[in-house]
**Student:** 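The structure that follows is given in the form of C-alpha cells.
Every heavy atom of this structure was used, including side-chain atoms; hydrogens, water molecules and symmetry mates were not.
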2 protein chains.
Amino acid sequence: MSHGLDQSEMLRLLGYNIAQAAIPAYRLFETLIGLPLGLRQVEFSILTLVDTNDKVTHKRLSTALGVAAPNLTIVLDRLEQRQLVKRTRSPHDARMQYIQLTPKGRALHAKAKQIADTMESDLLSHFSAGERAMLFELLQKVAAQRRP
Amino acid sequence: MSHGLDQSEMLRLLGYNIAQAAIPAYRLFETLIGLPLGLRQVEFSILTLVDTNDKVTHKRLSTALGVAAPNLTIVLDRLEQRQLVKRTRSPHDARMQYIQLTPKGRALHAKAKQIADTMESDLLSHFSAGERAMLFELLQKVAAQRRP
DNA sequence: TATTGTTATACTCTATAACTATA
DNA sequence: TATAGTTATAGAGTATAACAATA
C-alpha cells in the first residue's frame, strides 16, 4: 500500500491524495469500460452529459469537462465518425452547434452506464453509504473552488 | 459551477467527482508551482519522495507514483540534466540505482514545499480541519483499493 | 468587436514491446 | 530464468496561437 515508501509528506497534500485515488478508479474504468467498449473517460462523460442534456453546445461541454475547445473538437470528430453523436447548427445562432446522441450513441451509452454501476460497487465496496455520500460531497466542494 | 449543465448523472460516479476536484487542484499547482518553478506534478512528487526517503530506487518510485518504468526514465533523465537529482548504482546489486537529491534539488524542493503549503490553504480554505481530515482519509481508502 | 468553433502545432503523458545488464 | 532499468515508438492528452464564420 505504501510500497515501502514513506509518503507522509506527499499525503499532506490534497492534489497527491486525489492523484492516488485516481489510480485505481482510472484502471477499473479502463478494464470495465475503456477496453471493452472502446471508450475513454472523456468520451463516456460526453455521452452521458449529452444524453441527459438536450441541445448541449460545444462550449458548454468544453467548460464543464475542463477540456480546451480545440481538443474537444478532436474528440467530437472521433465520436461523430463513429456515428455516436451528431452536430447540428443552431438555427437561432449559426455559430453554435448542438450535440446530440445518435441511436447508436444512445445504445452504447446505455451499455456503458450499466457497467459503470458495477464499477462503482467494486470501487466503493468497503464504503458505507454515509462515507460514500461524505466523500462525494467533499470532492464536489473542492470542485466548486473552480473559478471559470 | 454546474455551468448550466445537468451533471447529476455523472456526479453519481466516483471517477467523475475525482476528475472534477482535480481540475482546480491541478490549475492551482500550475499557477503557483508548475510555471514559477518549472516543475510538473510528477517531478514535484519525485523531489518530495526522494527528499524523505533515502536510497529510493527507480522501481519503488515507479510503483508508488503509478508511472510506468519507461516513462519514469524520461522524467528522471530530465531531472538529472537539470542537476536536481543524481542516480547512483547500488554496490550490492548493480541492477538497481538509488536516486538522491543534489543540493540544487534540495533547494528547489524546499522552495516548492513552502509554496505547496500556501496552495493547500488556498484550496481548502472553506474546509474545517475535520472535513479536511475526513476527505484525506476517504481518498486514501479509495487509493488503498489498488492491487499491485 | 466579441463569440463559437476549427485548424495547426508543439509538447507532454501513457502504454507496450524489445533490449541490456545484472543476478 | 527473473529483475532493474533503458530505448524506441505509437497513441492519447494538453496548451496556445491563428483563423473562419457569425453575431
Side-chain angles (χ1 to χ4, degrees), chain A residues 3-5 15 19 22-27 29-31 33-35 38-46 55-82 85-99 148, chain B residues 3-4 15 19 22-27 29-31 34-35 38-46 50 55-82 85-100 148:
Chain A
H3 310 287
L5 271 184
I23 295 176
Y26 172 71
R27 289 187 182 164
F29 179 91
E30 274 309 294
T31 304
I33 297 180
L35 293 174
L39 279 180
R40 289 160 232 175
Q41 284 192 347
V42 205
E43 294 175 330
F44 171 73
S45 300
I46 291 171
K55 298 189 177 175
V56 199
T57 64
H58 188 122
K59 185 74 199 302
R60 284 167 78 199
L61 265 186
S62 166
T63 308
L65 296 172
V67 174
N71 303 326
L72 186 60
T73 295
I74 313 286
V75 179
L76 288 176
D77 284 348
R78 210 160 37 205
L79 289 175
E80 203 174 32
Q81 274 165 23
R82 290 174 66 187
V85 306
K86 58 171 184 271
R87 298 189 256 207
T88 52
R89 290 274 159 203
S90 163
H92 308 297
D93 184 338
R95 288 173 303 183
M96 300 196 295
Q97 58 190 8
Y98 298 134
I99 298 148
Chain B
H3 310 287
I23 294 176
Y26 173 71
R27 289 187 181 162
F29 179 92
E30 274 309 294
T31 304
L35 293 173
L39 279 180
R40 290 160 232 177
Q41 285 191 345
V42 204
E43 294 174 330
F44 171 72
S45 300
I46 291 172
V50 170
K55 299 189 175 174
V56 200
T57 64
H58 187 122
K59 185 74 199 300
R60 284 166 78 199
L61 266 186
S62 166
T63 307
L65 296 172
V67 174
N71 302 326
L72 187 59
T73 295
I74 313 285
V75 180
L76 288 175
D77 284 349
R78 210 160 36 205
L79 288 176
E80 202 174 32
Q81 273 165 23
R82 289 174 68 187
V85 305
K86 59 170 184 272
R87 298 189 256 207
T88 53
R89 291 274 159 201
S90 163
H92 309 298
D93 185 338
R95 288 172 304 182
M96 298 197 296
Q97 57 190 9
Y98 297 134
I99 298 148
Q100 288 171 295

**Student:** In this structure, how many angstroms lie between the P atom of C:dT4 and the CZ atom of A:R95, rounded?
**Tutor:**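 Taking CZ of A:R95 and P of C:dT4, I get 6 Å after rounding.
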**Student:** With a 3.5 Å distance limit and no angle check, can you tell me whether A:Q41 reaches the backbone of A:Y26 through a side-chain donor-acceptor pair?
**Tutor:**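 Judged by distance alone, no pair lies under 3.5 Å.
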**Student:** Is a side-chain donor or acceptor of B:R89 paired with a backbone partner of B:Q97 at a separation under 3.5 angstrom?
**Tutor:**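 The answer is no, because no donor-acceptor pair under 3.5 Å joins these two groups.
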**Student:** Look only at the side chain of B:E30 and the backbone of B:R27, and say whether a donor-acceptor pair between them is shorter than 3.5 Å.
**Tutor:**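 Pair absent, no side-chain N/O of B:E30 close to backbone of B:R27.
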**Student:** Under 4.0 Å, counting only non-hydrogen atoms across every strand here, what does B:D93 touch: a base, just sugar-phosphate, or nothing?
**Tutor:**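 Touches sugar-phosphate only.
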**Student:** Reckon B:R87 has a side-chain N or O less than 4.0 Å from the OP1 or OP2 of D:dT6?
**Tutor:**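 Yes, B:R87 has a side-chain N/O under 4.0 Å of OP1/OP2 on D:dT6.
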**Student:** Rounded to the Å, how far apart are B:Y98 OH and D:dA4 C1'?
**Tutor:**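 Those two atoms, OH and C1', are 12 Å apart.
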**Student:** In whole Å, what is the span from the CG atom of B:L65 to the P atom of C:dT12?
**Tutor:**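 About 19 Å, once rounded to whole Å.
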**Student:** Can you measure B:H58 atom NE2 to D:dT3 atom C1' for me and round it to whole angstrom units?
**Tutor:**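 So the NE2-C1' distance, B:H58 to D:dT3, works out to 13 Å.
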**Student:** Would you kindly compare A:N71 and B:V75 by the position of their nearest DNA chain C nucleotide and give the one closer to the 5′ end?
**Tutor:**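 Closest to the 5' end, via its nearest nucleotide, is A:N71.
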**Student:** Picking from C:dG5, D:dT22, D:dT16, which would you name as closest to the side chain of A:P70?
**Tutor:**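 Taking heavy atoms from C-beta onward, the closest nucleotide is D:dT16.
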**Student:** Hey, which of these two, A:Y26 or A:T73, hits DNA chain C nearer its 5' end, going by closest nucleotide?
**Tutor:**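 It is A:T73 whose nearest nucleotide is closer to the 5' end.
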**Student:** Determine: side-chain N/O of B:Q97 to OP1/OP2 of D:dT6, distance under 4.0 Å, yes or no.
**Tutor:**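 Yes, because at least one side-chain N or O of B:Q97 sits under 4.0 Å from OP1 or OP2 of D:dT6.
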**Student:** May I ask you to say what B:S62 touches in the nucleic acid, namely base, sugar-phosphate or nothing, with a heavy-atom cut-off under 4.0 Å?
**Tutor:**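 No contact at all - B:S62 keeps every heavy atom at 4.0 Å or more from the nucleic acid.
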**Student:** Donor-acceptor check, side chain of A:H58 to backbone of A:A69, threshold 3.5 angstrom: yes or no?
**Tutor:**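 Yes: the side chain of A:H58 pairs with the backbone of A:A69.
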